[in-house]
Amino acid sequence: MGYSKKTYATVQRILRERRQKAEQIAAAHKAEVAKKCPEILDIERQMAETGLSAIKTIGAGKNAAAIVQNLAKKNLELQECRKEILKEFGYDENYLAPQYTCPICEDKGYVDNKTCSCYERLLKEQAYKQLADETPLALCDFDSFTLALYSNTPDENGRIPREEMEGIYRFCKGYAQNFSLESNSLFLYGKTGLGKTHLSLAIAAEAIRKGYGVVYGSTQNLLSKLEKERFGKAEDADTESLLLDCDLLILDDLGTEFITSYTVSEIYNIINTRGLRRKPTIISSNLNFSELQAKYSDRITSRILGSYTVLHFCGGDIRIALR
């Protein structure tokens with residue numbers, strides 16, 4: 001997967017800061033212990049000298065094995081001595097060693113000239129974060145969702161909006177609490193201003209708290225970003241891979257985007273690929289079933305209506321009620 005220069009720079013900065021912090025703390029620990037027992041500094045110096053001598057001996061080649069073995073034995077003796085001193089003064093045996101976030105690569109991002117798993121994980125996390133930061137909407141939560149804004153009066157179909165929306169609210173809250181990679185995909189539809197985006201973002205917030213990689217964005221903005229990358233009008237990045245691979249994808253306002261053969265093809269590819277990979281997707285739209293059918297290909301409509309859990313939002317525009 002390709003990432004933008006900004007993503008790589010951010011991850012490298014994070015790793016550098018992690019490493020510096022671990023080494024600064026270790027230096028402070030060493031100074032603390034040295035005040036109580038100056039002998040520890042001499043032991044540290046001797047250990048460094050034996051390590052350097054071993055390297056020089058290996059480079060020289062002649063009779064190296066025996067010399068290196070003796071140096072290793074001396075180093076072990078010094079380590080044991082340091083351990084006993086630390087124990088005597090009430091310290092853990094690893095108190096002087098830098099405690100890196102990733103002990104495998106020591107926060108360098110590489111091991112034996114290969115990228116560490118922590119580096120790859122950070123790249124994905126930052127790519128998700130940067131995509132999320134591009135939306136002007138803050139993550140919502142379930143506590144701020146107000147059912148009192150929905151009418152208790154039956155609508156033309158005999159549905160009582162507040163009762164219907166209470167059921168949807170409880171379903172979405174349970175979905176978020178139990179979210180996993182095996183969760184069903186959701187299709188949230190209804191007129192504008194009924195809380196589809198709010199509940200989608202509340203689910204996203206809970207999934208992120210659980211440690212899942214979430215990509216949220218309006219369908220229009222995400223497709224615009226894909227198009228710019230596809231036709232070379234954006235810096236090096238691979239948004240499409242993020243959309244296809246993330247743990248949870250939320251496509252907001254399907255149907256508001258400018259319809260072209262390219263956008264329809266991309267929407268189908270995203271929905272179909274994630275469906276085949278069994279990755280949860282949440283789609284919200286102002287379109288009803290017949291409008292969805294008229295605007296998109298049968299392939300898109302059938303996949304949404306055939307495999308997604310459908311939630312119909314009803315009532316009046318709660319944003320007007322809030323104002």
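The residues of the chain are indexed from 1 along the displayed sequence. Note that these values count all heavy atoms, side chains included, but never hydrogens, waters or copies made by symmetry.
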is_close_aromatic(Phe313, Tyr189), centroid dist under 6.0 Å: no
Joint cluster assignment, Leu251 & Val310, ILVMFWY side-chain distance < 4.5 Å: yes
Main-chain N/O of Arg159 paired to Asn157 side chain as donor or acceptor, under 3.5 Å: no
Test side-chain hydrogen bond (donor to acceptor under 3.5 Å, both in side chains) applied to Glu32 and Tyr95, step by step: CA-CA 10 Å; Glu32 174 192 341; Tyr95 192 67; 2.7 Å; yes
Residue pair Leu147 / Arg162: nearest heavy atoms and the distance that separates them: O-NE, 3.4 Å
More than 12 heavy atoms of other groups within 6.0 Å of Lys30 NZ: no
Parallel, tilted or perpendicular: rings of Tyr110 and Tyr119 (30°, 60°): tilted
Arg13/Glu17 salt bridge by N-O under 4.0 Å criterion: yes
From CA spacing to verdict: side-chain hydrogen bond (donor to acceptor under 3.5 Å, both in side chains), Tyr216, Asp252: CA-CA 8 Å; Tyr216 163 85; Asp252 198 28; 2.9 Å; yes
same_hphob_cluster(Tyr100, Leu15) at 4.5 Å side-chain heavy-atom cutoff: no
Test log, rule side chain to side chain contact (heavy atoms under 4.5 Å, CB included), inputs Leu188 and Ser200: CA-CA 9 Å; Leu188 285 51; Ser200 296; 3.5 Å; yes
Heavy-atom neighbours of Lys21 NZ exceed 12 at 6.0 Å: no
Side-chain donor-acceptor contact under 3.5 Å, Arg303 with Asn272: yes
Leu248 side chain reached by Ile282 side chain, heavy atoms, under 4.5 Å: yes
Whether Thr309 side chain and Asn184 backbone form a donor-acceptor pair below 3.5 Å: no
Gap separating the CD atom of Glu240 from the CG atom of Asn269, nearest 0.5 angstrom: 5.5 Å
Leu96 and Val33: CA distance, side-chain angles, deciding distance, side chain to side chain contact (heavy atoms under 4.5 Å, CB included) verdict: CA-CA 9 Å; Leu96 300 180; Val33 175; 3.8 Å; yes
Heavy-atom side-chain contact between Glu120 and Leu123 under 4.5 Å: yes
Flag side-chain contact, heavy atom, 4.5 Å: Arg121 against Glu125: yes
Closest heavy-atom pair and its distance - Gly315, Leu194: O-CD2, 3.4 Å
Salt bridge flag under 4.0 Å for residues Glu93 and Arg82: no
Minimum heavy-atom distance Ser151-Thr153, with the two atoms named: OG-N, 2.9 Å
Reported OG-to-CD1 distance for the pair Ser185 and Ile283, which is rounded to 0.5 angstrom: 7.5 Å
Any donor-acceptor pair under 3.5 Å from Ser224 side chain to Gln220 backbone: no
Candidate pair Glu257 and Thr219, rule side-chain hydrogen bond (donor to acceptor under 3.5 Å, both in side chains), full reasoning: CA-CA 6 Å; Glu257 74 282 357; Thr219 306; 4.8 Å; no
Test item: Tyr308 and Pro280 side chains (from C-beta on) under 4.5 Å apart, heavy atoms: no
Point-to-point distance, once rounded to the nearest 0.5 Å, from CG of Leu244 to NZ of Lys279: 9.5 Å
Single-linkage hydrophobic cluster Met165~Ile160, side-chain heavy atoms < 4.5 angstrom: no
Neighbour count above 12 (heavy atom, 6.0 Å) for Leu305 CG: yes
Interatomic distance, Leu242 atom CG to Lys225 atom NZ [nearest 0.5 angstrom]: 9.0 Å
Side chain proximity check, Phe89 to Ile40, heavy atoms < 4.5 angstrom: no
Test item: Ser180 side-chain N/O and Glu182 main-chain N/O as donor-acceptor pair under 3.5 Å: yes
Salt-bridge contact Arg19-Glu23 (side-chain N to carboxylate O under 4.0 Å): yes
Step-by-step side-chain hydrogen bond (donor to acceptor under 3.5 Å, both in side chains) determination, Thr239 to Glu229: CA-CA 8 Å; Thr239 299; Glu229 292 175 10; 2.6 Å; yes
Euclidean distance, Leu292 CG relative to Thr301 OG1, rounded to 0.5 Å: 4.5 Å
Which atom of Ile14 lies closest to which atom of Gln126, heavy atoms considered: CD1-NE2, 3.6 Å
Parallel, tilted or perpendicular: ring planes of Phe179 versus Tyr212, cut at 30 and 60 degrees: perpendicular
Exam field: side chain Gln99 to backbone Ala97, donor-acceptor pair closer than 3.5 Å: yes
Polar side-chain atom of His198 near backbone of Asp141 as donor-acceptor pair, under 3.5 Å: yes
Pairwise side-chain contact, Leu226 with Ile270, heavy-atom cut-off 4.5 Å (strictly under): yes
Ionic contact status for Glu291 with Lys295, cut-off 4.0 Å: no
Arg277 and Asp245: CA distance, side-chain angles, deciding distance, salt bridge (charged side-chain N to carboxylate O under 4.0 Å, His left out) verdict: CA-CA 9 Å; Arg277 295 178 181 178; Asp245 293 338; 2.5 Å; yes
More than 12 heavy atoms from other groups under 6.0 Å of CZ on Arg278: no
Ring centroid separation Tyr296 to Tyr268 under 6.0 Å: no
Working for side chain to side chain contact (heavy atoms under 4.5 Å, CB included), residues Cys105 and Cys118: CA-CA 8 Å; Cys105 70; Cys118 76; 3.5 Å; yes
Side chains of Ser302 and Asp298, donor plus acceptor under 3.5 Å: no
More than 12 heavy atoms from other groups under 6.0 Å of CD on Gln20: yes
Sub-4.5 Å side-chain heavy-atom contact between Val215 and Ile250: no
Test side chain to side chain contact (heavy atoms under 4.5 Å, CB included) applied to His312 and Phe289, step by step: CA-CA 10 Å; His312 183 196; Phe289 294 156; over 6 Å; no
Arg209 bridged to Glu206 by N-O distance under 4.0 Å: yes
Path from Leu122 to Val111 over hydrophobic side-chain contacts below 4.5 Å: no
Electrostatic pair Asp253:Lys196 at N-O distance under 4.0 angstrom: no
Contact check, side chains of Leu199 and Phe171, non-hydrogen atoms, under 4.5 Å: no
Heavy-atom donor-acceptor pair, Lys191 side chain to Cys314 backbone, under 3.5 Å: no
